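Here the structure is laid out as C-alpha cells; the discussion comes afterwards.
Just so you know, these numbers use all the heavy atoms, side chains as well, and skip hydrogens, waters and symmetry mates. Every chain is numbered from 1, with letters handed out A, B, ... down the list of sequences. All values derive from a computational prediction rather than experimental measurement.
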Amino acid sequence: MTIPTSSIEQVIPGQGAMAQPEAGKPGKAKRRRFLFLSNRKAATGLIILGIYILLAIIGPWIAPFDPGARGADLMQGPSSAHWMGTTHLGQDVYSQLLVGTRSVIFVGFLAGIVATVLSVLIGVTAGYVGGKTDEGLSALSNVFLVIPALPLIIIVTSIMENAGEWVVALVIGFTSWSWNARVLRAQTLSLRRRDYVEAARATGERSWRIIIFELLPNLTAVIASGFVGTVIFAVLSEITLAFIGITSGNTWNWGTILFWAQGQQALARSAWWWFVPAGLAIAILGTALSLINFAIDEFVSPRLRSAGKTKIKTNTGRTVRMRIGFTPVLSNSPEPHTRARPIPAVDPHGATPVVREEATP
Amino acid sequence: MSEPVLEIKNLNVGYGLGDQGVRAVRDVNLTLHRGEVLGLAGESGSGKSTLAYGMTRLLAPPGVITGGQVIYHPAEGDPYDVLALSDERLRKFRWAETAIVFQGAMNSLNPVHKISTQLTDVLQAHEPKMSETSRLARAREMLKLVGIAPDRMDAYPHQLSGGMRQRVMIGMALILQPQVVIMDEPTTALDVVMQRQILGQLIELRERLGFSVIFITHDLSLLVEFSNRIAIMYGGRIVEEAPASAIYKDALHPYSQGLLGSFPALKGPRRELTGIPGSPPDLKGMPTGCSFHPRCPKAFDPCAGNIPVLGRPGTGDGRTRSVACWLHPTGEPVG
Amino acid sequence: MKFLLQRVAFYVFTAWAAITLNFFIPRLIPGDPVQALITKYQGQLSTQAIESLYVLFGIDKNGNVWSEYVDYWKQLFAGDLGLSFAFFPTPVSEVLSDSILWTLMLVGVTTILSFIIGTGLGVLAGWRRGSWTDGLLPVTTFFSSVPYFWLGIIAIYLLTGPDSFFPSGGGAEVGLVPAWDMYFIPSALQHSLLPALTILISSVSGWILSMRNMMVTVSSEDYITVAHAKGLPERRVALSYAARNALLPNVSGFALSLGFIVGGTFLVEIVFSYPGIGFQLFQALGANDYPLMQGIFLVITISVLVANLLADVAYLFLDPRTRKEG
C-alpha cells in the first residue's frame, strides 16, 4: 500500500556498512539516545504517536456516546452536542473515531510485533548462519516480497469468515515481514565480518550469545525502523479491509466509519464530516510514524543529517550556501588568525621570541 | 629556488561554525615552486588533507574556508587568488591548472561509466572545440603514457585492478597538462611494490612534462625519497619546512624527529624505531601553546603557554628552512 | 546473462510458490461452497463444470491432495480457471481478460510515471539541499500517509459533479464499445485522469524521498569530488555522476515495492468504479466468488513478476557491474 520510504531499507551492494551506527561505549550510547529524542522529527512523531496510544487506551471511556447507538439527529453537521456530526442513523462520528482508535493501534502494533519477530528470526539467522540455510531463507523472503501482500491479505481474510482483529493482525504480520528480513540479513552479514564478532566466534562464544549480545544491539535502529514501517502498512491494510467490507462489523475502526460513509453516499449528500475526520486521523498517524522513521534514518546514516545550517553568513554579511564541490569562502583576507606579538626573551640564544595568541576569526 | 607557482597565504580552514566549529587548518603559509615536488607529511588528523581540499575549495560540507589566499601564478599572465574566483572561473581553473589524484583509488572513478568516457568528459568540458576523434586519441595517448594498454579504454572501473585504476587517475590528472598536481595519499591502498612503481613513473613524467607536485602522505620515508622539499604538519599548523635531505639528516622539530623515528630508513645507517608516544590532538580541544607539547619529549617552560611561530631558525642552514618550535626561536617569522 | 538467468529461475520458483499457495487457500474455506453453488443454480451447471469446480476447491471426495494438485496444474495449463460465480456462467479467464487491459493502462502507466516524476524531483531535492524542494517533503509525506482510496473519494467530492470535466467513475462513457477509435479513446482518457492523479499524488512521495536520500548518500562519494575537481559543468556532475549512481538502488527498490503499490492502486479502481482487476476483486468479494478471487491473485502475482523481470533487465543496462563480459 505504501512504498517503504526508509533509506536503510535500500541495501546498496557492497555498502552494507553504510547504515551502521558505530558501536559506542555505554555512556556514549546514552548520549546518542538522548540526541535521537532531541531530533525535531523524532520528537514530533513520538508525541503524536503518544497521543494516539493514549486515545487508544482511554478512547472508549471518554467517548461521549456509544458509537453504535442511534440518535434522533440524523446526518447533522458538527455541533456542540456532536463535535464531528452524526451518521444517517444518528450515531456520533466523534465517538466512533475515539472508540475506533483502539482497534487501529492494536492491529498496527500486533502486526508490527509479529512481523518484526519473524523478520529478526529469519533475517538474522540467514545472515549469521550463511550457506544453504541462508539461500533457503533468502529465497523464502524474496518470494514473500514479490507476491503482492495486500491482495493476498484481502483474499485470506475474506475466506475466513468474520475475521476479527486478532486474525487480521496475524495475517498482516505473517505476510509483511519479508522486506525487513531482507534488510536485517544484509546488515547481519556486514556485522558478522566485523572484528569483534569474529573475535567472539574465534573464542568459542555460543552463537545465541553472540547474536543477542553482539549483533542485536547494533541492529536496533534497523529493527525499529522496520517495525515502524510495518505498523504503517498494517494500519493502512486494516483500514482497507474494513473499508471494502471484509472484516466483521462488530468492532469499530476508522475503516468501518469510511465503509458506512461510502455505503450511505455520504459525500454525495455533502456529509463531509463523516469522511474527513477518519481520513485525517489516518494521515496524521501515518505522517507521525514516517517522521519517526526519517529520524531513525538520519540517526543511523549521518550523511542524511544536515550538519546544522545549510546557509551561513560571511564576515561581510553575505549569505553563502553550503554545497558540495564549492567550499564557501567566508573571508579572503590574508591576515593571520593568530596574532603575533613579541614577549620578553625566554630563549638562551638571545633572539626575540614571538608569542601567538588565538584570535577568534 | 625558481619562481613560485602556488602561494598559500595564511589559509584557515574549519568544519562548521560558531560553538560547534573546529579549526582544522590554521594560518598555513606554503609556497610551491615551479617544477618541484613538495611533500606534506603528518599523522591522520593533522590537517594535511583538509589543506589540500581547502585550497581547491573541494572540501565537503560542513567545511568552510575562514580566511587566507591561494595565489596562483599561471604560465602566462598575472597571478590571481583562486579562492576569489567566481564559480564559473573556478570550474575553468580546475583540472586545467591544478589536478588532483585522490586518496581512494577504488572510489575515485565513477563505477557506471567507461574509462574512456571519464577521460574524455574533462576534454569536453575544458576544450569544447576539440573533435570527438581527437578527444579519444588524446585519452588513448594518456593511457599509454601511464602504461595502460589502449584497449582498456572501453573497460569499466570494476574490471581494472587497484593499481591500474590509480594509473588511470594519474593519466586523467595529466590530460590537460596542468602546472600543479596535488596527490593525496595516492598509493596508500596499494601494495609496496606497486607504490614505488607508480611513484617512480610519476617522477619520470614530471621530468618530461614539467609540472609541480604537492605530495601528501603520512609516510615520511616515501617523501624523503621522492620529494624536493618537505613540510610537516601537526594540529593544523606547519611545524617545519625544509629540503628533504635536511629533514632526513637533521630534523629540528621534535615532532619531525618523532615521525622519522617511526619509519625504517630506506637508505643509510640503520636507526632505531621509536615512534611518538600519545595520539594526535582532538581538533575540538587543542592544547594551549605549542599543540605538540603534551607529547613532546623536549617540552620546556614556554611551550605550554605560547604558540611558537614558523620562522627561520637562527642556526645552520637557516636560509632554506623554517621551523615552529621554542627550541629554535626565531626573529624572522614567515608569511 | 548469468544474472538474468538466475533471476528468471527465481521468478519461476516464485510463480510456482504463488500458484501452490493459491491451490491451498481455498481448502481453508469452511463448508462446501460448490454444493452451495449447485443449489443456487439448480440444473444449470453441467457435470463437467461441477467437476472442474471440485478440483479447484479441493473437495473432491475421491482424490488425495497430490492427485488434486496435479489436476489443478492441468487445468491451469489448459487456461481453465473455473467459472465465475459473480458473472455466472462466464469463465474466470474471460472476466480477467476483459479487465486486465484497463488495469495495465491505469496502474501500469501511472506507476511508471510516478517513478519518473518522483525520481526527478528527488534528484533536485537531494542535489540542492536547502532549496525550495525541501518544502516538498512534508507535503508529500502527508499525502503518502493518506490512504489511496480516501484521497480518491475526496477527489470525487471536490472535483466531480454535473458540470465538471472529470467523470466521477467508470472506465469510459456508458454505451461506448471498447475499441481503438476516436470516440472511445478520448473518453477512456478523460475517465482515467482523476484516478491516475490520485495514484500519482499518493505514490510519488516515496520515490522523491528515497531518491533524495540516495542522492545525498552518493554526493559524498569520492567520484563526485573528482567530478567537481575536474571542473565539469554542474549539470553533468549532478546527472551523469550523482543521479546516475543514485538511480541504481532506486530501480531495484522500484521492482521490490511493486507488490506493495499494486495492492494500493486497486482501491482506487474500487472507489472510481474503474473496470479493472481491482474493481473485479471487489465484486468477487461481495459475491463470495472464490474462483475469480483466485484467478485475480494469480494474474496480479504473475504481472508483478513480469514487471520485476523488466526492472531487472533495466538494471542490467544501468549497472555495468552486473554485466559479465562475453
Flag this pair as yes if the NZ/CZ of B:Arg89 is under 6.0 angstrom from the six-membered ring centre of B:Tyr80 and inside a 45 degree cone about the axis; otherwise no.
yes
Tell me, out of B:Lys114, B:Lys92, B:Arg57, B:His113, who's got the most heavy-atom pairs with chain C below 4.5 Å.
B:His113
Could you tell me the separation between the OG1 atom of B:Thr117 and the CG atom of B:Leu109, rounded to the nearest 0.5 Å?
11.0 Å
Tell me, side chain or backbone of B:Gln124 under 4.5 Å from chain C's heavy atoms, or both, or neither?
neither
Measure across B:Trp95 and B:Ile100 and return the closest heavy-atom pair with its distance rounded to 0.1 Å.
CH2-O, 3.2 Å
Backbone of B:Thr56 reached by a side-chain donor or acceptor of B:Arg94 within 3.5 Å:
yes
Under 4.5 Å from a heavy atom of chain B, the part of C:Ser240 involved:
both
Under 4.5 Å from any heavy atom of chain B - which part of C:Leu248
side chain
